[in-house]
Amino acid sequence: MEAVPQDCPGTSSAQAGRGASCQGCPNQRLCASGAGAAPDPAVEEIRAKMRTVKHKILVLSGKGGVGKSTFSAHLAHGLAEDESKQVALLDIDICGPSIPKMMGLEGEQVHQSGSGWSPVYVEENLGVMSVGFLLGSPDDAVIWRGPKKNGMIKQFLRDVDWGEIDYLIVDTPPGTSDEHLSIVQYLSAAHIDGAVIITTPQEVSLQDVRKEINFCHKVKLPIIGVVENMSGFICPKCKNESQIFPPTTGGAEVMCQDLKVPLLGKVPLDPQIGKSCDNGQSFLTEVPDSPATLAYRDIIQRIQDFCGLHSSKEEKLISC
Amino acid sequence: MWRRRPEVRLRLVPAAGEVLEWKRFRRTAPEPAVPRRAEGPRVRDARTSVCAPPGQAPPPTRVALLDIDICGPSIPKMMGLEGEQVHQSGSGWSPVYVEENLGVMSVGFLLGSPDDAVIWRGPKKNGMIKQFLRDVDWGEIDYLIVDTPPGTSDEHLSIVQYLSAAHIDGAVIITTPQEVSLQDVRKEINFCHKVKLPIIGVVENMSGFICPKCKNESQIFPPTTGGAEVMCQDLKVPLLGKVPLDPQIGKSCDNGQSFLTEVPDSPATLAYRDIIQRIQDFCGLHSSKEEKLISC
């Protein structure tokens, strides 16, 4: 269902196939017959595929440019440092896929085999998938409307042969739109452990994070917690701390108290983070003594604790 | 100066089975025709070279700001218009005015609460953008600025398509200095070429930070591949300017104030003003060319 009119009411809408904008659409008969409202068989297929994935974590933000992909990449690196764990990083930011560059995988391609698409491996225990690997050139724009992006996400979940994984991290674009609805819907039968929401300290960013938290509640997605990024900068010369993005309303800390969601941690600005990302390296190993590294590691541990606690609860329920 | 008598207030409220649905409120009594103006500091006019009768000051530039970031509408807060609402009259929806010559429209004005999430798929967002363009009564404007979300998707395609017959002067593309950002900007430039949208130029934001204590300059987002300057040379697009980081920018935005008037001496203000002038020059040059073509 890719060639949809601009004013498509939606395949599950009561107006599907019947609205004025449906005239001339190639899918009109299908929608009018009610087929669009039927459950997508892909959901069940994805559920079966996800049986080999222990924990699924979404990384969200309301606002762009707060450091979501940076965090996702370093969460993946941090978890994969334990060589006994299998980690997968899925990039569903279709228009701006930054993960290949950040993981040092630019120019790599996806191969297909009988068991599905192969992820691209950074390490033996760290595999990555992104639309970035499917482009002819990294400068190619992916100019797709919602339905086509949804199709791509479905393929990523259904057709990639991840194998047995401990952690699947999903990096999303900013917002509360097609990609976010799709990932939640496609994984609805497979269960998502929770979402990590990234913000910067200013109120303009927090305003969009509140919307994102609102979204999580509405789609019944558990919230692992909030990470405050770009939280202060220490001048390398005089060690004076500056709040470059001032927390005029108390930053993420006050917001988390108000909304009763956990604050996982605050990551200060460090120019080495941007440098590592541009060079496709793990900041955690490049600059192990940075306060930002310590903050990341602490946050990663808290996420692991959340997932571990959740597994124990599930096992107890099953054994009752 | 007032426009028209507001009759109906528009609000988005949740309906059964959907996060947000259109509903209209009919006011119980008509509101008197008084100037509707939001409280807030004056936004300095950008005087143009419009001809005026001798002895009279040229009229102020009329500016409109349209926010089509449906999921993350930040413009109301940044313009000090949080809590304001859109009114509707016979001639269409009224923008919300910061100043008499600066009107704003955003889905943010249509939410019951600023924390309400707008969880819409592409087609519904497209419908909202169409309404913004078709139903808002902007009146006579010199500049319509359209703020977009990141990406190259529904909103971008829709705005270009809906304005295709009306002609867009061009696009200003914002980036930070790192390669990860520039990579996506190259895609955006690619998008502009594909949809035949002229590029006014690129602005490099967050370009260096000067420590207030020791005045040492740090590159917080290091330009590992030469920043926007090198990219613009490679792709032959103009670099409009570089704006350094200044914590006062974030503070002004959070407080809904114009940083240009709050901190007039900041290097960032000077950078902004220079870039704004270059954009005006581009638009002015473009207008002259159009007039020449028409008169031929």
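Keep in mind that this is a model prediction, so the values were computed, not measured. Numbers restart at 1 for each chain; the letters A, B, ... are given by sequence-line order, proteins then strands.
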For S74(B) and K63(A), the nearest pair of non-hydrogen atoms, with its separation, is OG-NZ, 2.7 Å
What part of V142(A) gets closer than 4.5 Å to chain B, counting heavy atoms only: side chain, backbone, both or neither?
backbone
Please classify the contact of Q243(A) with chain B as side chain, backbone, both or neither, using a heavy-atom distance under 4.5 Å.
backbone
Non-hydrogen atoms of chain B under 4.5 Å away: do they reach the side chain of L269(A), the backbone, both or neither?
side chain
Is it the side chain or the backbone of E241(A) that comes within 4.5 Å of chain B heavy atoms, both, or neither?
neither
Non-hydrogen atoms of chain B under 4.5 Å away: do they reach the side chain of D178(A), the backbone, both or neither?
both
Provide the closest heavy-atom pair for S153(B) versus R145(A) in the form atom of the first, atom of the second, distance.
OG-CA, 4.1 Å
For I273(A), is it the side chain, the backbone, both or neither that has a heavy atom under 4.5 Å from a heavy atom of chain B?
neither
dist E106(A):CD -> Q183(B):CD (nearest 0.5 Å) comes out at 4.5 Å
Would you say the side-chain atoms of K187(B) pair up with the backbone N or O of P138(A), donor to acceptor, closer than 3.5 Å?
yes
In terms of heavy-atom proximity below 4.5 Å to chain B, should S182(A) be classed as side chain, backbone, both, or neither?
both
NZ of K275(A) to CZ of F221(B): how many Å apart, nearest 0.5 Å?
13.5 Å
Would you mind checking which part of P97(A) comes under 4.5 Å of any heavy atom in chain B, side chain (CB onward), backbone (N, CA, C, O), both or neither?
both
Identify which of G146(A), G96(A), A141(A) forms the greatest number of heavy-atom pairs closer than 4.5 Å to chain B.
A141(A)
Residue part contacting chain B, namely of F215(A), when any heavy atom lies under 4.5 Å
both
Are more than 12 heavy atoms, taken from residues, nucleotides or ligands other than Q281(A), located less than 6.0 Å from that residue's CD atom?
yes
Ignoring hydrogens and angles, tell me if any N or O in the side chain of N190(B) forms a donor-acceptor pair with the backbone of D139(A) under 3.5 Å.
yes
With a 4.5 angstrom heavy-atom cut-off, could you sort out which part of K101(A) is near chain B: side chain, backbone, both or neither?
side chain
Among S218(B), G250(B), P222(B), P149(B), which has the most heavy-atom pairs under 4.5 Å with chain A?
P222(B)
Interface moiety of N150(A) toward chain B, non-hydrogen atoms closer than 4.5 Å:
side chain
Take D278(A) and T225(B) through the test side-chain contact (heavy atoms from CB on, under 4.5 Å) and record every step on the way to the result.
CA-CA 9 Å; D278(A) 277 3; T225(B) 54; 5.6 Å; no
Select one option (side chain, backbone, both, neither) describing which atoms of C235(A) are under 4.5 Å from chain B's heavy atoms.
side chain
Leading residue by heavy atom contact count with chain B [cutoff under 4.5 Å; candidates S69(A), C95(A), P174(A)]:
C95(A)
With the side chain counted from C-beta on, respond yes when C214(B) and N240(A) share a heavy-atom pair under 4.5 Å apart, and no when they do not.
no
Go through the steps for I220(B) and I244(A) under the test side-chain contact (heavy atoms from CB on, under 4.5 Å), then give the verdict.
CA-CA 10 Å; I220(B) 302 217; I244(A) 302 216; 3.2 Å; yes
Please rank H156(B), R186(B), E188(B) by heavy-atom pairs under 4.5 Å with chain A and give me the top one.
R186(B)
